[in-house]
Amino acid sequence: AQVKPEDMIKFRQSGYAFMAWNMGKIKAQVVDGAVPYDKAQVEAAANVIAAVANSGMGALYAPGTDQGKGWEKTRLKSAFFQQPDEVRKIAMNFVKQANALQAAAATGDPAAIKAQFGETGKACKACHEKFREEE
Ligand code: ASC
């Protein structure tokens with residue numbers, strides 16, 4: 001069945017929100033130390049992020065889904081549709097970094113996970129800086 005544009009926005013925002021929650025769990029354990037490191041919890045979080053990153057979310061960016069007229073609010077800039085090569089590069093790097101975070105989590109080495117958490121966050125940020133409107 002055809003996915004409605006407003007549902008595309010909702011689904012992709014759900015994916016990012018769920019990844020953000022899981023990034024926060026990893027950050028609390030290996031960056032901030034606010035929560036004691038638990039290998040299984042960090043692995044579970046990294047597995048979620050990798051699964052979402054590999055789920056083919058590009059399909060949720062149909063032309064026109066930067067409009068938001070009466071739909072879910074979106075902060076997607078129209079530049080996203082004018083720079084497909086740049087979008088592809090950023091998206092592929094994000095998938096690569098998410099997969100590397102999953103691999104790092106599996107090692108159980110908090111220092112390696114922390115380093116790769118930083119790289120993954122940079123990959124998130126690259127898209128925000130180019131294609132997400134300020135609040
Ligand atoms: C996160 C999160 C993001 C990225 C970004 C990295 O944990 O929710 O959007 O990392 O802050 O700079």
Undergrad: What's the spacing between E134 CD and R75 CZ if we round to 0.5 Å?
TA: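 Going from the CD atom of E134 to the CZ atom of R75 covers 7.0 Å.
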Undergrad: Between Q41 and K25, is there a donor-acceptor pair closer than 3.5 Å when you use the side chain of the first and the backbone of the second?
TA: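 A pair under 3.5 Å: no.
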Undergrad: Could you walk me through whether R12 and T65 pass the side chain to side chain contact (heavy atoms under 4.5 Å, CB included) test, one step at a time?
TA: CA-CA 11 Å; R12 73 196 189 203; T65 59; 2.9 Å; yes
Undergrad: More than 12 non-hydrogen atoms from neighbouring residues, nucleotides or ligands closer than 6.0 Å to NZ on K4, yes or no?
TA: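 Open.
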Undergrad: Which is it for L76 and Y61 under the side chain to side chain contact (heavy atoms under 4.5 Å, CB included) test, yes or no, and what are the steps along the way?
TA: CA-CA 9 Å; L76 187 67; Y61 288 84; 3.6 Å; yes
Undergrad: For residues V95 and F131: do they belong to one hydrophobic cluster (side chain heavy atoms under 4.5 Å, members Ile, Leu, Val, Met, Phe, Trp, Tyr)?
TA: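 No, it is not one cluster - the side chains of V95 and F131 are not joined through contacts under 4.5 Å.
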Undergrad: Are K130 and I90 packed together at the side-chain level, in the sense that at least one heavy-atom pair is separated by less than 4.5 angstrom?
TA: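 Yes, side chains in contact.
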Undergrad: Flag yes if F11 and I9 sit in one hydrophobic cluster, no otherwise; membership is Ile, Leu, Val, Met, Phe, Trp, Tyr, and two members link when side-chain heavy atoms are under 4.5 Å apart.
TA: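 F11 does not cluster with I9.
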Undergrad: Checking K122 now: which residues fulfil side-chain hydrogen bond (donor to acceptor under 3.5 Å, both in side chains) with it, not counting sequence neighbours?
TA: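 Here the qualifying residues are E119.
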Undergrad: Heavy atoms only: give me the nearest M8-A62 pair and the separation to one decimal.
TA: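 Minimum heavy-atom separation between M8 and A62: SD-CB, 3.5 Å.
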Undergrad: Regarding N93 and Q97, is there a side-chain donor-to-acceptor distance under 3.5 Å anywhere?
TA: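 On atom types as modelled, these side chains qualify, holding a pair under 3.5 Å.
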Undergrad: Taking it one step at a time, do I49 and W21 satisfy side chain to side chain contact (heavy atoms under 4.5 Å, CB included)?
TA: CA-CA 10 Å; I49 293 161; W21 180 55; over 6 Å; no
Undergrad: What do the steps show when you test V42 against I113 for side chain to side chain contact (heavy atoms under 4.5 Å, CB included), and what is the final call?
TA: CA-CA 9 Å; V42 169; I113 300 165; 4.1 Å; yes
Undergrad: Only counting residues at least two apart or in another chain, list the ones meeting side-chain hydrogen bond (donor to acceptor under 3.5 Å, both in side chains) with K27.
TA: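 Listed in chain order: D32.
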Undergrad: Applying the side-chain hydrogen bond (donor to acceptor under 3.5 Å, both in side chains) criterion to D85, which one of K89, Q83, R88 satisfies it?
TA: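 Answer after filtering K89, Q83, R88: R88.
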Undergrad: Over all heavy atoms of both residues, which pair between V31 and F117 is shortest? Give the atoms and the distance, please.
TA: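 Scanning both residues completely, I find the closest heavy atoms to be CG2-CD2, 3.8 Å.
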Undergrad: Starting from F18, can I reach F94 by hopping between I/L/V/M/F/W/Y residues whose side chains sit under 4.5 Å apart?
TA: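 The answer is yes; both residues are in one hydrophobic cluster.
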Undergrad: Would you give the length of the straight line joining atom CD1 of I26 to atom OG1 of T120, rounded to the nearest 0.5 angstrom?
TA: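 Interatomic distance, I26 CD1 to T120 OG1, rounded to 0.5 Å: 8.0 Å.
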Undergrad: At their closest point, which heavy atom of F80 faces which heavy atom of V87, and how far apart are they?
TA: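 Between these two residues, the closest heavy atoms are O-CG2, 3.3 Å.
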Undergrad: Can you see which heavy atom on A98 is nearest to which on A53, and at what distance?
TA: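 Looks like CB-CB, 3.7 Å.
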Undergrad: Classify the side-chain pair N99/K96 by whether it contains a donor and acceptor separated by less than 3.5 Å.
TA: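 No, K96 and N99 have no side-chain donor paired with an acceptor closer than 3.5 Å.
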Undergrad: To the nearest 0.5 Å, what is the distance between CD on Q102 and CG on N47?
TA: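 Separation between the atoms: 4.5 Å.
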Undergrad: For L101 and M23, which heavy atoms make the closest approach, and how far apart are they?
TA: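 L101 and M23 have their closest heavy atoms at CD2-SD, 4.1 Å.
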Undergrad: Can a salt bridge be assigned to the pair E6 and K10 using a cut-off of 4.0 Å between side-chain N and carboxylate O?
TA: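 No, E6 and K10 are not salt-bridged.
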Undergrad: Between N54 and A50 (side chain of the first, backbone of the second, donor and acceptor by atom type, cut-off under 3.5 Å), is there such a pair?
TA: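 Yes, N54 side chain to A50 backbone: donor-acceptor pair under 3.5 Å.
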Undergrad: How many angstroms lie between CZ in R132 and SG in C124, if you round to the nearest 0.5 Å?
TA: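 Separation between the atoms: 9.5 Å.
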Undergrad: Using 0.5 Å steps for rounding, measure from the CD atom of Q2 to the CG atom of D7.
TA: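 With rounding to 0.5 Å, CD (Q2) is 11.5 Å from CG (D7).
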Undergrad: Return the CG to CD distance between L60 and Q13, rounded to the nearest 0.5 Å.
TA: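 The distance works out to 10.5 Å.
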Undergrad: Which side chain to side chain donor-acceptor pair (under 3.5 Å) pairs, counting each pair once, include a residue from residues 105-114, with sequence neighbours left out?
TA: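 Every candidate side chain to side chain donor-acceptor pair (under 3.5 Å) pair involving residues 105-114 fails, so no pair, neighbours aside, qualifies.
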